[in-house]
Amino acid sequence: MPSQDNSRRRFLRRALAAGGALVLSGCDQLSQSAWFTKLLGSAEKLTFATQRLLLPRKAMAQEFTEADLSPFFRSNGTSNPDNPGYQAMAAHQFADYRLQVGGLVAQPRAYSLDELRALPSRTQITRHDCVEGWSAIGKWKGVPLSRVLEQVQPQPSARYVVFYCADPMDARGTRYYESIDMEDAWHAQTLLAYELNDAPLPIKNGAPIRVRVERQLGYKMAKYIMQIQLVERLDDIAGGQGGYWEDRGYEWYAGI
Ligand SMILES: Nc1nc2c(c(=O)[nH]1)N[C@H]1C(S)=C(S)[C@@H](COP(=O)(O)O)O[C@H]1N2
Ligand SMILES: [Mo]
């Protein structure tokens, strides 16, 4: 329609004059015009399609069946954090637990265990491989980390998700932490797990929350997660290598 074409041309001229630095908020007339709404809509679709292409590394880790479950899922590393704060929470079945999620996000949040359980869940049977030479197949239930990310809304500058754990400090004054990149963070099988083999996650396996990052080795799967931080860089955290074991020489990307 001629009138729409006119307003469109005027808009584009103004847009060009502004050098692309468009301030769109408060442009009521613009947002009511049909062609402009359509333009915004298609831009949004394009962004979404681009993200779907770029964000998840598509490959899924192998999943198994109930028949494959290991009779016993052993514990490794810390098996019961010798930390008064943690022990107090454990004594009350983690009713006072709050998972802090912050850093480079638009909406920092703290989640109770009930709130995490109320979010949509995923269940998966996968094999855990520890560099110390043992593997076990377990059934994990938890909230996909992607669901939490959708709520807290990472800022564009966020490149890594860092998990801080309740382990006591070691002799060197450092404690367990881990990190993954945004591709693994959005991956469908990356869970904040609260159940193992149809029972609440045992303390020895990371209660109340541990992460599952199924295409990587066991040491990436931080247990006893108290805090999650989105960050742009890892080199200014602890030993600077992105994790407790990484700071001691292990690979940061521990792909299987
Ligand atoms: N907080 C914390 N997370 C941790 C560890 C640890 O010592 N502390 N050990 C890691 C290692 S090396 C492995 S193999 C797995 C062991 O998980 P499991 O105890 O459920 O078998 O947890 C990983 N996550
Ligand atoms: Mo491990």
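Whatever order the structure lists ligands and atoms in, that order sets their numbers, starting from 1.
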Item to check | Pairs flagged by ring-ring contact (aromatic ring centres under 6.0 Å, His included) wherever residues 107-151 is involved - sequence neighbours left out | outcome: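 The answer is Phe73-His128, Phe73-Trp140, His128-Trp134.
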
Checklist entry - Can Arg248 be said to sit on top of Tyr244's aromatic six-ring, NZ or CZ under 6.0 Å from centre and within 45° of the ring axis? => result yes

For [atom], what's the nearest protein heavy atom and its distance?
atom	result
atom 10 (C) of ligand 1	Tyr176 OH, 3.3 Å
atom 14 (S) of ligand 1	His128 NE2, 3.3 Å
atom 19 (O) of ligand 1	Lys223 NZ, 2.5 Å
atom 20 (O) of ligand 1	Asn205 ND2, 2.8 Å
atom 13 (C) of ligand 1	Gly218 O, 3.5 Å

Next on the checklist: Could you check whether Tyr219 and Tyr250 have their ring centres less than 6.0 Å apart?
Outcome noted: yes

Checklist entry - Between Tyr86 and Phe94, is the gap from one ring center to the other below 6.0 Å? => result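 For Tyr86 and Phe94, the ring centres are under 6.0 Å apart.
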
Mark up the atoms of ligand 1 that fall under 4.0 Å of a heavy atom belonging to [X], in ascending order.
X	answer
Gly77	7 (O)
Lys204	19 (O)
Met221	22 (O), 23 (C), 24 (N)
Cys165	1 (N)
Trp134	14 (S), 21 (O)
Cys130	14 (S)

Checklist entry - Between Lys139 and Asp198, is there a salt bridge with N-O shorter than 4.0 Å? => result yes

Item to check | Pair Glu178 + Arg210, salt bridge at N-O below 4.0 Å | outcome: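 Not counted as a salt bridge, because no side-chain N and carboxylate O are separated by less than 4.0 Å.
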
Next on the checklist: If the test is side chain to side chain donor-acceptor pair (under 3.5 Å), which one of Gln62, His187, Gln124, Gln189 qualifies with Glu214?
Outcome noted: Gln124

Checklist entry - Which bit of Tyr177 gets closer than 4.0 Å to ligand 1, counting heavy atoms only: side chain, backbone, both or neither? => result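 Looking at Tyr177 and ligand 1, no heavy atom falls under 4.0 Å.
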
Checklist entry - Which one holds for Ala222 and ligand 1: side chain close, backbone close, both close, or neither close, with close meaning a heavy atom under 4.0 Å? => result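 Just the backbone.
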
Of the choices [options], which has the non-hydrogen atom that lies closest to [atom]?
atom	options	answer
atom 2 (C) of ligand 1	Thr78, Leu196, Ile203, Asp167	Asp167
atom 11 (C) of ligand 1	Tyr224, Trp245, Tyr219	Tyr219
atom 17 (O) of ligand 1	Glu178, Arg210, Arg212, Lys220	Arg210

Between the side chains of [X] and [Y], does any donor sit under 3.5 Å from an acceptor?
X	Y	value
Gln87	Asn80	yes
Glu232	Ser157	no
Thr78	Asp167	yes

Item to check | Within-cut-off N or O pair, Arg74 and ligand 1, under 3.5 Å | outcome: yes

Checklist entry - So, does Ser179 use its side chain to make a donor-acceptor pair with the main chain of Tyr160 at under 3.5 Å? => result no

Next on the checklist: Tell me whether Glu132 reaches ligand 1 (any heavy atom closer than 4.0 angstrom to a ligand atom).
Outcome noted: no

Checklist entry - Touching ligand 1 at all, Phe73? Heavy atoms, strictly under 4.0 Å? => result yes

